[in-house]
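Counting starts at 1 for both ligands and their atoms, following the listed order. Count residues from 1 along the sequence.
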Amino acid sequence: MGTRTLAIIKPDAMGANHHGKILARIVDAGFQVQAARIIKMSKSQAEGFYEIHRGQPFFEELTAFMSSAPCMPMVLEKENAVEQFRQLIGATDPADAAAGTIRRDFASSVGENAVHGSDSDENAEKEVAFFFAVGDILANL
Ligand code: ADP
Ligand code: MG
């Protein structure tokens with residue numbers, strides 16, 4: 001059994017109809033989708049999810065964007081899931097993201113960058129619990 005990360009296909013990628021292609025890359029890279037939802041976050045929900053970034057100059061823009069349209073949170077499992085998924089998505093700014101990464105190929109800017117991935121195992125567990133109940137996750141059924 002691997003470890004888990006929380007991924008989100010962000011509103012820009014959903015709006016551009018890129019979610020199918022992004023999901024295919026995730027599955028082809030060997031991640032098992034343990035849970036998935038399609039939701040539209042409220043502004044306060046987005047602020048709660050990104051609480052760690054409150055006070056940053058981009059906080060208002062980020063939380064407005066993330067609550068502007070539907071997104072797709074997912075629980076992904078793989079060996080070393082957090083680091084492996086961060087490698088698959090690439091750097092925050094698509095201009096810095098390596099060739100072949102999801103952000104390089106689908107993100108339009110540092111703010112609207114197609115996908116979220118947890119940055120540590122500890123944060124992954126918190127972020128999974130933000131969107132999913134224990135019984136929503138396949139491994140727990
Ligand atoms: P990552 O998503 O790669 O972990 P951060 O945790 O640093 O990046 O930032 C969270 C999100 O905030 C980013 O994915 C991006 O959507 C947004 N963001 C980060 N930096 C900026 C910036 N300088 N301008 C606008 N939005 C930003
Ligand atoms: Mg981050």
Side-chain angles (χ1 to χ4, degrees), residues 1-140:
M1 195 185 116
T3 60
R4 301 193 303 191
T5 192
L6 188 281
I8 306 176
I9 301 180
K10 294 187 177 184
D12 59 319
M14 296 279 295
N17 276 332
H18 287 151
H19 41 307
K21 281 181 250 182
I22 291 171
L23 190 55
R25 290 212 189 178
I26 291 169
V27 172
D28 288 347
F31 290 88
Q32 191 188 14
V33 182
Q34 285 279 329
R37 302 174 61 197
I38 295 174
I39 60 167
K40 184 176 181 294
M41 279 198 263
S42 67
K43 183 69 157 61
S44 64
Q45 222 179 341
E47 289 172 359
F49 182 73
Y50 282 114
E51 187 61 38
I52 194 170
H53 294 300
R54 191 183 288 277
Q56 295 287 326
F58 57 82
F59 183 73
E60 181 55 35
E61 176 190 329
L62 171 62
T63 54
F65 163 59
M66 289 300 291
S67 58
S68 66
C71 70
M72 198 171 162
M74 295 180 282
V75 180
L76 304 178
E77 186 184 315
K78 195 186 181 196
E79 208 67 46
N80 203 8
V82 165
E83 193 189 326
Q84 291 283 305
F85 191 67
R86 299 282 306 193
Q87 281 190 21
L88 182 70
I89 68 180
T92 307
D93 186 340
D96 300 329
T101 60
I102 290 173
R103 281 171 166 168
R104 172 70 167 263
D105 293 341
F106 297 106
S108 44
S109 68
V110 64
E112 303 201 358
N113 59 0
V115 279
H116 168 84
S118 307
D119 64 4
S120 68
D121 288 347
E122 190 189 346
N123 284 336
E125 289 311 307
K126 287 184 195 158
E127 292 177 3
V128 165
F130 189 89
F131 291 112
F132 297 95
V134 170
D136 293 333
I137 297 167
L138 274 183
N140 298 328

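Classification of the H53-F58 ring pair by plane angle, with boundaries at 30° and 60°, yields tilted.
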Worked check of salt bridge (Lys or Arg N to Asp or Glu O under 4.0 Å) between E51 and R54:
CA-CA 5 Å; E51 187 61 38; R54 191 183 288 277; 2.9 Å; yes
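The salt bridge (charged side-chain N to carboxylate O under 4.0 Å, His left out) search around D136 returns none, not counting sequence neighbours. By the salt bridge (charged side-chain N to carboxylate O under 4.0 Å, His left out) test, R4 pairs with E125, sequence neighbours left out. The salt bridge (charged side-chain N to carboxylate O under 4.0 Å, His left out) test applied to E60 returns K43, not counting sequence neighbours.
Shown here is I52, whose CD1 atom has no more than 12 heavy atoms of other residues, nucleotides or ligands within 6.0 Å.
If you look at ligand 1, the protein residues with a non-hydrogen atom under 4.0 Å away are K10, H53, F58, E61, L62, R86, T92, R103, V110, G111, N113.
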